[in-house]
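Because the structure is a prediction, the values reported are computed rather than measured.
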Amino acid sequence: MGSSISPVIADLYMEHFEECISKEAPLQPSTWLRYVNDTSIVWTHGHNTLPTFLNFLNSLHPKIQFTMETETNGQPPFLDVLITTKQDGSLGHQVYRKPTHTDRYLHAHSHHHPAQKNSVIVSLVNRAINRCEEEHLQCELNRITNILIKNGFSNKKIKHTIQRMLQSKGIQKPSSSYITENKHNMVFLPYIKGTTDRIAKILKQNNIKTIFTPHTKISQILTTPKDPYPRLASSGVYKIPCTCGKVYIGETGRSVTTRLKEHERCTRLDYIQSAVAEHQLTTGHKICFEKTKVIAKCKSYFPRKYRETLEIMKRPNNINRDTGYHINPIWSTLLPFFN
C-alpha cells in the first residue's frame with residue numbers, strides 16, 4: 001500500500017478474478033459492473049439463489065471477501081448514485097447520500113482561500129448536474145442550497161454559482177494534453193490571508209497558477225506517536241552560523257548531518273574546497289557547527305536550489321562564494337514575502 005502501482009496491480013488481478021467468476025459460477029448475473037472495489041450486479045435467478053452466489057464469490061480467495069446489499073423499495077444505491085425503477089421499467093438516477101451523512105462541508109468563514117470555498121459550491125452543483133435526471137435536479141439543487149446556507153455561504157453566492165454552472169452545462173473537462181502541457185506552471189502555497197494571495201497575483205502575471213493549501217493540518221496539531229526525527233537527518237537547505245555573526249547557506253540532497261561532517265573535515269584539515277573552511281582559515285573565526293539549523297526540508301533538486309538562492313538573497317551578510325543557483329527574475333520580486 002502507498003505505491004503508485006498498487007491500484008493498477010489490484011485492478012489487473014480483479015479482472016483475472018472476474019474471469020474466474022464467468023467460467024466457474026453455476027449461475028451468472030446478467031449485469032456485472034465494478035468500480036475499484038464496489039460492484040453492482042443485476043440478478044435474474046431469484047432472491048433465494050443470491051446467498052449461494054455470494055458464498056461462491058467468497059470461496060474463490062480467502063483475502064477477497066464480498067458483502068452484499070440488496071435494493072430497498074426498488075432503489076439500489078451504487079457509490080453516490082441512487083438508482084430508481086420507474087413505472088415503465090426504465091431506470092432513473094439521482095444523488096445518493098448515506099444515512100450517516102452530516103451535511104458538513106468547509107465552512108464559509110474558515111481560514112481558507114476564497115477559491116477553495118467556491119470549489120465546495122462548484123463540486124456539489126457539478127455532482128448534482130452529472131448524477132441527477134432533469135426531474136430530480138431542481139430538488140437536489142434546493143437541498144444543496146439549504147446545506148450550504150447552514151455552512152455559512154450566502155444565498156446570493158450559491159444562486160449565482162448554480163446559474164453560471166447550468167449555463168455552462170455542456171462544457172467538457174480539459175483534455176489530457178492540456179493538463180500535461182500546463183502541469184509544470186503551478187505552485188502550491190499555504191493560504192495566509194494578505195500574503196500568499198498577493199504572491200499569487202505576481203505569479204499569475206507570469207502564467208504560473210497557484211494552488212492554495214491549508215495553513216495548518218490536523219496532523220500538525222496532534223502529537224505523533226513516532227519517535228522524534230533527528231533534526232539534521234533530512235535533506236534540504238541548512239544554515240551554519242559563525243561567531244562573527246555571518247552565516248553560510250547550503251543545500252544537500254543527502255542528510256544535513258552527512259554534509260556537515262564534510263564541512264567539519266575540510267575545516268579541520270584546512271581544505272579551502274569548502275567556503276566554510278576558507279572563512280575560518282582566512283579570518284580565524286570559529287564556525288558554530290553545533291548551531292546548524294535546517295531552514296527547509298526538501299528532496300527535489302530544483303526546489304531545493306531555488307530555496308537556497310532565496311535564503312542567500314535574504315541574508316546578504318553571508319560567507320557564501322556565490323549567490324546560488326541561477327534563478328528566474330520573478331522569484332526576486334517574491335523575496336519580501338520570505339522574510
Remaining members of the apolar cluster that contains L57, side-chain heavy atoms under 4.5 Å: Y13, M14, F17, I21, L27, W32, I41, W43, L50, F53, L54, F56, L60, I64, F66, M68

Supply the members, apart from Y96, of the Ile/Leu/Val/Met/Phe/Trp/Tyr cluster built from side-chain contacts under 4.5 Å; use none for a lone residue. L82

Is it true that a side-chain atom of [X] and a backbone atom of [Y] form a donor plus acceptor pair closer than 3.5 Å?
{"X": "D11", "Y": "P7", "answer": "no"}
{"X": "H93", "Y": "T84", "answer": "no"}
{"X": "S90", "Y": "K86", "answer": "no"}
{"X": "R304", "Y": "K299", "answer": "yes"}
{"X": "S235", "Y": "C298", "answer": "yes"}
{"X": "H112", "Y": "K117", "answer": "no"}
{"X": "N151", "Y": "I147", "answer": "yes"}
{"X": "S274", "Y": "C266", "answer": "no"}

More than 12 heavy atoms of other groups within 6.0 Å of [X] [atom1]:
{"X": "L106", "atom1": "CG", "value": "yes"}
{"X": "K209", "atom1": "NZ", "value": "no"}
{"X": "L12", "atom1": "CG", "value": "yes"}
{"X": "R321", "atom1": "CZ", "value": "yes"}

The complete set of side chain to side chain donor-acceptor pair (under 3.5 Å) pairs with one or both residues in residues 53-70, sequence neighbours excluded, reads none

Regarding T243 and H285, do their side chains bring together a donor and an acceptor under 3.5 Å, going by distance alone? no

In terms of side-chain heavy atoms, does T52 have a donor or acceptor partner in T49 at a distance below 3.5 Å? no

Separation between OG1 (T145) and CG (L124), nearest 0.5 Å, reads 10.0 Å

Taking all non-hydrogen atoms of both residues, which atom of D80 and which atom of R127 are closest, and how far apart? OD2-CD, 3.2 Å

